[in-house]
Number of protein chains: 2
Amino acid sequence: MSADRPASTERLRRQNAALVLRSLRQLGPATRAELAQRTALAKATVGVIVAGLEEAGAVTESSAESEVRSGARGRPGRPVALRGEPWVGLGLELNVDYVAAVVLDLAGQVRLTETRPVALDGGVDEAALTGLARDVTARCRAAGQVLVGATVAVPALVRGDDRTVAWAPNLGVEGPGLADGVEALVGAPVRVLNDANCAAYAESHHGAAVGAEHALYLTGTVGIGAGIVDRGELVRGAAGFAGEVGHMPIGDSSARCGCGRQGCWEASIGLHAVLAAVGMPELDTPLETAAAVAERAALDPGVRAVLTRVGEDVGLGLAMLAGVLDPEVVVLGGYFVPLGELVLAPARATLDRRLASAAQVRPELRLSTLGIQAAALGAAEQAFADVFAGDLDLTAREASAGEA
Amino acid sequence: MSADRPASTERLRRQNAALVLRSLRQLGPATRAELAQRTALAKATVGVIVAGLEEAGAVTESSAESEVRSGARGRPGRPVALRGEPWVGLGLELNVDYVAAVVLDLAGQVRLTETRPVALDGGVDEAALTGLARDVTARCRAAGQVLVGATVAVPALVRGDDRTVAWAPNLGVEGPGLADGVEALVGAPVRVLNDANCAAYAESHHGAAVGAEHALYLTGTVGIGAGIVDRGELVRGAAGFAGEVGHMPIGDSSARCGCGRQGCWEASIGLHAVLAAVGMPELDTPLETAAAVAERAALDPGVRAVLTRVGEDVGLGLAMLAGVLDPEVVVLGGYFVPLGELVLAPARATLDRRLASAAQVRPELRLSTLGIQAAALGAAEQAFADVFAGDLDLTAREASAGEA
DNA sequence: TGACTTTAGTTCGAGTCTCGTACTTAATTG
DNA sequence: CAATTAAGTACGAGACTCGAACTAAAGTCA
C-alpha cells in the first residue's frame, strides 16, 4: 500500500525529475514543450527540471540532428535527449559455467559486455566474478563513467532484501557475502537478484517483451525458472522466492527429478530430459547442446517427436502459469532459443487447448532475443531502477563524482 | 514503473495525509507526537494535517479514554483516532445464490451487513443487487453517512479497467452495464472486481491474512478461483484475469470438468467432485452442503478418505502456486471452511512434501474467518483504497457533502 | 525586405507545502 | 509552588510547482 515514507518538497522534485527521465527513456528525445505535454507538468517546471538534469550530465540538447521538424511554424524547439555519458549501471551474472558483465548507460545503450567461461569444477567461481567486476569497474572509471549501482544475478534463491543468498544448490555462496564483496569492489550500491528475475526484467525493458506491462520469462537449462513482471515490476513474493516453477508437478508424472521427487516440470522439459530422450551427450554449454539437438532434429523425426512432446509439456505448464498470472507475453529463454519453433509450435497448440476460458487471450509466446547476456543486462537495468523511480537523485550526486 | 502523473504540492499534501491515515488505520490511535514519529513527518506538519482531517470529519480526538498513559512525565498528548462517522465505503456482491452488501467505515468497522438469498433460476438476479444497493445507500444517507465509493464483487472475469465484465459463465451481465447501473444508483465512483480478488483483499485487511503483505486466497464452491496479493496489492495480470486457477491440470487427470476438459483442478477439489465421491446431494448453499459432508465424515471413514484425497489435491495445487507466488499465508474460503482440518491437514502434508527447495518455508494454511461476506467486505475496503493511497482527498470533498 | 504569426523557452511573482526553532500549554515531581 | 518534561502551536525560511507575461527564433505573406 504505497511507500510508507513522508514526502518532502525535495522528494516531489525528484519524482517529477524521474517522470521526465522516464518519458525520455520510453518515448525518446523531446523538446521541453513536448515534455511538458507528455508529463502534464507546467512548461516552467520542465524548464527547471531539464536544467538540473543537464547540469548533472543526465541529458543534453541533442544537437538538432535528425530531430528537425520539417514544415514547422513557430520557433523550433531544441530536443533534449538522455545522455549516455557519465552515468552507467553495472550488471553482473554469476553462473555455473560462465560469468558475465554488462555496462548500460542512462540512455539504455549497452556500453560494454563481457562473458568469461568458468572451469566447471563443482562449485561456482566467485573469484572469476570479482575479477571481472574489478576489471569492468576499472575500465568504466578510466572512461570517466560513474556507476549509479550494480546488480549481481545469480541462479539461486535470493531474499527480498536483495542481498542475502538463501539457497544456492550449485553455488558455494550463501548469505550476504557476495553483495558485500562486490560492493566493496565497485564502490556503489549493490543488489543481488535471482537470474530469472533479472532476465525477465531485461526482456521487459530491452527484449522480446518490450512494451508489455505484464510478462512472464522462462529460463531453461538443466533447471527451469521463471521471472514474473506484473504492472512493470517484478513479483517477488514474501521471501523473494517467487518464480520457482521448476518443481511444479507437471508433465510426465513418473519422470525422476534431480530434487529426488517425481513428476517435476523440469524433469520433463529440462535439458537433461531432452538429452536422455534423444540419446545425445551434453556439450560445453546448454546453448551449444541445444543447437546440436536442433540440428539433429532436422534429419531425425524421432528427435522432432521428442521436442514436440517437450513443447506440449511446456505448453501445459504455461497454461497453468497463464491462468494464474495472465501475462501479455511469455518469453522463452535459455536452451529453448536454439530449438525455436520445434518447441514453440506444440507449446502454442497446447496452450490454446488448455486456456481456462473463452474470454482469455493466449499470451504471445516469443523467444528471447537477448541471448546469454539477458540476466546481466536485466541486472544492469535494475541498477537504474532507483533513478527512474525517483528514489535516487543524480543531481545530488555531483559532489561525489565529477562529470567527464 | 511508478505512477505516470506529475506531482504538485497539493498531491504531496494528499500523500502525507494518506500516510497519516494509514498509520492510524494500521497501528491504531496515536497522539500527534506519536504520529510524527511513526510517519517521520515533522511535528508541525502532522499538526496541520490532523487539523485538516479533523475538519473533514475523518479523525477526532478520542476523548482520552483507554488511551491515558499511566506514569507519564510531561504534558499528556491527546490521542487522535480515525472517526467512523461520515465516511463509509460500500461493498456489494452479486453471486448466483445470493447478493450481499457491507458498509465499512473509515476506521475499519463494519457498520452494516446484509445478505439476501436469490432464487436460483438460471441467471443471476441483477435486480436483487440494484434493489439491495438502493436500500443500503438510502439507509446510509439517512444516517448521515457519505459514500467515498462502492465496489461490486462478481464471480466473473473483469477487465483491468475495473468496470467491464468480460466473461461471466453464470451471470447474464457482460460489459460495463453493471458498473454504470450501480454508479447511477449510489452516486459515487463504482468499481467492479472479481469476487476472489475482493475476498483476498478482505482477508489481507480484516481476515486470516492480516499483516501479510503476500497472501493467496482460494475460493471454493463449484468452481475454484484465487486472489493474489503481492506487496499488499492485488495482482491482476494484463487483462485483469489473473487468479484463474480452477482449470489448472492438477489432481485426477481423468476427472471430467464442467468446462469440457479433463484433469482440471476444480474437477478434483470442487464441491461437485466431493459430492460425487461421497454420494451426497447438493443442498441449498455450498456452505450447508459442506457442513453436511463434515458431519457425515465424523462417522464415516469413507467420507474422511475422500476428504483426505481432496486435501492432498488441494496441497498439490497449492504447492505449485506457492512455488510461483511465494505467499506468506494461504487462506482457504468457500466450502473448505466447514470441512476444516479434514482437508487442511492432508493439504499441509502434501504441501510440505512438494515444496520446491529446502530453503522455502511452507506458507501458513488458514481457514477464512470472514464467512460469506468476505467478498463484499473486500469490495468495501477497495472503495477506500484511493483514500489510503492519497489519490482521493476527503478534505476536498466537503463541498459536496456535509458532515453529520 | 519587413511586419505578422506561431511556437519554444524563460522570467517572475504567487501560492502550497514541509521543516526547524522557538514558544506556549499542561501535566508530574519534589 | 517552583522545576521538569513532553505535547502541541506559531512563525519564518526554504523548496517546489504553476500561470501569466515576456522574450526568442523560426516561417509566412504582402
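Here is how names work: the chains are called A, B, and so on, in the same order as the sequence lines, proteins then strands, and each is numbered from 1. Bear in mind that the values here come from a model prediction, so they are computed numbers and not experimental data.
With respect to B:Leu35, the side chain to side chain contact (heavy atoms under 4.5 Å, CB included) criterion is satisfied by exactly one of B:Leu27, B:Leu24, B:Leu19: B:Leu24.
One atom, CZ of A:Arg13, and another, P of D:dG14, lie 17 Å apart when rounded to the nearest Å. A straight line from CZ of A:Arg78 to C1' of D:dA26 spans 13 Å, rounded to a whole angstrom. Rounding to whole angstrom units, CD of residue A:Glu61 and C1' of C:dA8 are separated by 11 Å. For the pair A:Arg32 CZ and C:dT7 C1', the interatomic distance rounds to 14 Å; values are reported in whole Å. The distance from atom CZ of A:Arg14 to atom P of C:dT18 is 16 Å, rounded to the nearest whole Å. Rounded to whole Å, atom P of C:dT16 lies 18 Å from atom CZ of B:Arg11. With rounding to whole Å, A:Gln15 atom CD is found 10 Å from D:dT17 atom P. In this structure, B:Glu10 atom CD and D:dA15 atom C1' are separated by 17 Å, rounded to whole Å.
Of the residues near DNA chain C, A:Val48 and B:Ala17, the one whose nearest nucleotide (by heavy atom distance) lies more toward the 5' end is A:Val48.
Of all heavy-atom pairs spanning A:Gly89 and A:Ala380, the tightest one is O-CB, 3.8 Å. The two residues B:Leu12 and A:Ser8 make their nearest non-hydrogen contact at CD1-O, 3.4 Å.
Among the nucleotides D:dT17, D:dG8, C:dC17, the one closest to the side chain of A:Ile49 is D:dT17. Considering only side-chain atoms of B:Ala33, the nucleotide from D:dG14, D:dT9, D:dA7 that sits closest is D:dA7.
For the pair A:Arg73 and D:dC29, the criterion of a side-chain N or O lying under 4.0 Å from OP1 or OP2 is not met. Dashed line: the shortest gap from a side-chain N or O of A:Thr9 to OP1 or OP2 of D:dT17 is not under 4.0 Å.
Residues A:Gln382 and A:Leu234 meet the side-chain proximity criterion, which asks for heavy atoms closer than 4.5 Å. The side-chain heavy atoms of A:Leu394 and A:Leu106, taken from C-beta on, include a pair separated by under 4.5 Å.
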Protein N or O to nucleotides 19-25 of chain C N or O, pairs below 3.5 Å:
residue : atom : partner : partner atom : Å
C:dC19  : OP2  : B:Ala42 : N            : 3.1
C:dC19  : OP2  : B:Thr45 : OG1          : 3.1
C:dT25  : O2   : B:Arg75 : NH1          : 2.9

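B:Asp230 places a side-chain N or O within 3.5 Å of a backbone atom of A:Gly237 that can act as its donor or acceptor partner. At least one donor-acceptor pair under 3.5 Å links the side chain of B:Arg14 to the backbone N or O of B:Gly390.
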